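Structure, as structure tokens:
Since the structure is predicted, the reported quantities are computational estimates derived from the model, not experimental observations. Note on naming: letters A, B, ... go to the chains in the order of the sequence lines (proteins, then strands), and numbering restarts at 1 for each one.
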2 protein chains.
Amino acid sequence: MQERRADIIARELEERIFDGTLPAGARLDEVRLAEHFGVSRTPLREALQGLARSGLVELVPRRGAFVRKLGPVELMEMFEVMAELEVVCGRLAAKRISEAALDELRAANARCRAAVEAGDPEAYYAGNERFHGIIYRESGNGFLEGETRALHRRLKPFRRRQLRLRGRMAQSMQEHEAILAALEAGDEAMAAEALRGHVAIQGEKFFCLMSSLKPAAAE
Amino acid sequence: MQERRADIIARELEERIFDGTLPAGARLDEVRLAEHFGVSRTPLREALQGLARSGLVELVPRRGAFVRKLGPVELMEMFEVMAELEVVCGRLAAKRISEAALDELRAANARCRAAVEAGDPEAYYAGNERFHGIIYRESGNGFLEGETRALHRRLKPFRRRQLRLRGRMAQSMQEHEAILAALEAGDEAMAAEALRGHVAIQGEKFFCLMSSLKPAAAE
DNA sequence: GTCAACTTTTTTGTATACAAGAACGCCGGG
DNA sequence: CCCGGCGTTCTTGTATACAAAAAAGTTGAC
């Protein structure tokens, strides 16, 4: 076998946590999961250890593993960091981006525009993700790219639903145009500011959404 | 037992990787390590999985675990990200820092100054770490603080030796003064720039050092 | 009827056992 | 003398077994 079962299991669990199949706070029963994956508890526990290290799962001694649930404060903090990472990627990319990558960005933006016109949030989301991914890559810093992608991925379940907010897609689209313009001009400061606004607003929107839905989600 | 053995082992191994007892590229023999820690291979492997997740160890299927060795490119990338994280912490701290924390910073700086005068790099390093740690904390963002601390810790072995470079301590001290002044003034931009220079220079110095010592450390 | 202490049961944490693949050495051929 | 094929040995990956701790259920007293 090329890959460890533990790795496969880890990715599978990660996916299920991200997509909500395993909801926050859910207890991860070792024997049941092991049975589900058709392995013994050993590789499953190894996977759990890994997930715990990367903060997705909480391991309470003698009590078991739980999907880590993020409180509002921690979530807001993560959105803030996300915005800053995007800013850094954008600033570096403004200096380092290639002409070919600019073309890719234009193409991604074109898809986004089509999605806006079609009123298709799913398609917009996909295009948006592509757009940002290109910027991460063009930061020219692989480590930064990896960290940014990781956090992006982690925040995914909390970001997705916002696109349904009225007018958000169109506004986001305009912001993309501004970001693209800044990158084309190689203007670091402008790219930074455009990105900060574009991403920071997600955190804010998220909190509007959350506080309107759950009066007191404090833990 | 309150804590998992795997956790204890993970921390212990982490420590040994950071302080160089386990050099980069070293193979981590499971049975030997298990014997050394007085446990079986099971908890040891769990610890290894965790370390692999956080990027300290590389797990090659069917070949074993190795202390991940960072190439020059990756290292430079990490220094770049470190600088940016410090900048973000500083910028946020400029807005959010408390008077008490400013006092702490002044105290840390006083210790640094004493260390400069005494020509004691170890003491300076300790003071410097304290100084930066306070800024991380005063960013008011616990997640950011954690991530920044983690990277700081990870780069520790590569940062330490530079203080011996002629004049570096004195220069660093001056930079600290500038950073403190910016934070006292609540000047975000100034704090950001002062910190960026202060930290970015470490990456540069590191590369001067490295390229002068090892002509071709490429892998 | 409620609460508390005890017992049973489940579940975690660790050790050990076993199977499969990789490193190593050995032997024969060129 | 060097090199390639083969078997041995060592190491990893996984399963299973067992011990200890927590959870759940039960019984008895008040």
Polar side chain donor-acceptor pair, [X] to [Y], under 3.5 angstrom:
{"X": "B:Asn141", "Y": "B:Ser139", "answer": "no"}
{"X": "A:Arg111", "Y": "A:Tyr124", "answer": "no"}
{"X": "B:Glu86", "Y": "B:His198", "answer": "no"}

When the distance from [atom1] of [X] to [atom2] of [N] is rounded to whole Å, what number comes out?
{"X": "B:Leu48", "N": "C:dT14", "atom1": "CG", "atom2": "C1'", "answer": "16 Å"}
{"X": "B:Ile9", "N": "C:dT14", "atom1": "CD1", "atom2": "C1'", "answer": "10 Å"}
{"X": "B:Arg5", "N": "C:dT12", "atom1": "CZ", "atom2": "P", "answer": "18 Å"}
{"X": "A:Arg62", "N": "C:dG13", "atom1": "CZ", "atom2": "C1'", "answer": "5 Å"}
{"X": "A:Phe66", "N": "D:dA22", "atom1": "CZ", "atom2": "C1'", "answer": "11 Å"}
{"X": "A:Asp7", "N": "D:dT14", "atom1": "CG", "atom2": "P", "answer": "9 Å"}

So, is A:Arg63 near the phosphate of D:dA23, with a side-chain N or O under 4.0 Å from OP1 or OP2?
yes
Between B:Arg4 and C:dG13, is there a side-chain N or O to OP1/OP2 distance below 4.0 Å?
yes
Could you tell me if the side chain of A:Leu92 sits less than 4.5 Å from the side chain of B:Glu80, heavy atoms only?
yes
Of residues 22-47 of chain A, the positions that come close to DNA chain C - non-hydrogen atoms, cut-off under 4.0 Å
A:Arg27, A:Asp29, A:Glu30, A:Arg41, A:Arg45
For the pair B:Glu58 and B:Lys69, find out whether any cationic side-chain nitrogen is under 4.0 Å from an anionic carboxylate oxygen.
no
Give a yes or no on this: more than 12 heavy atoms of other residues, nucleotides or ligands lie within 6.0 Å of atom CZ of A:Arg149.
yes
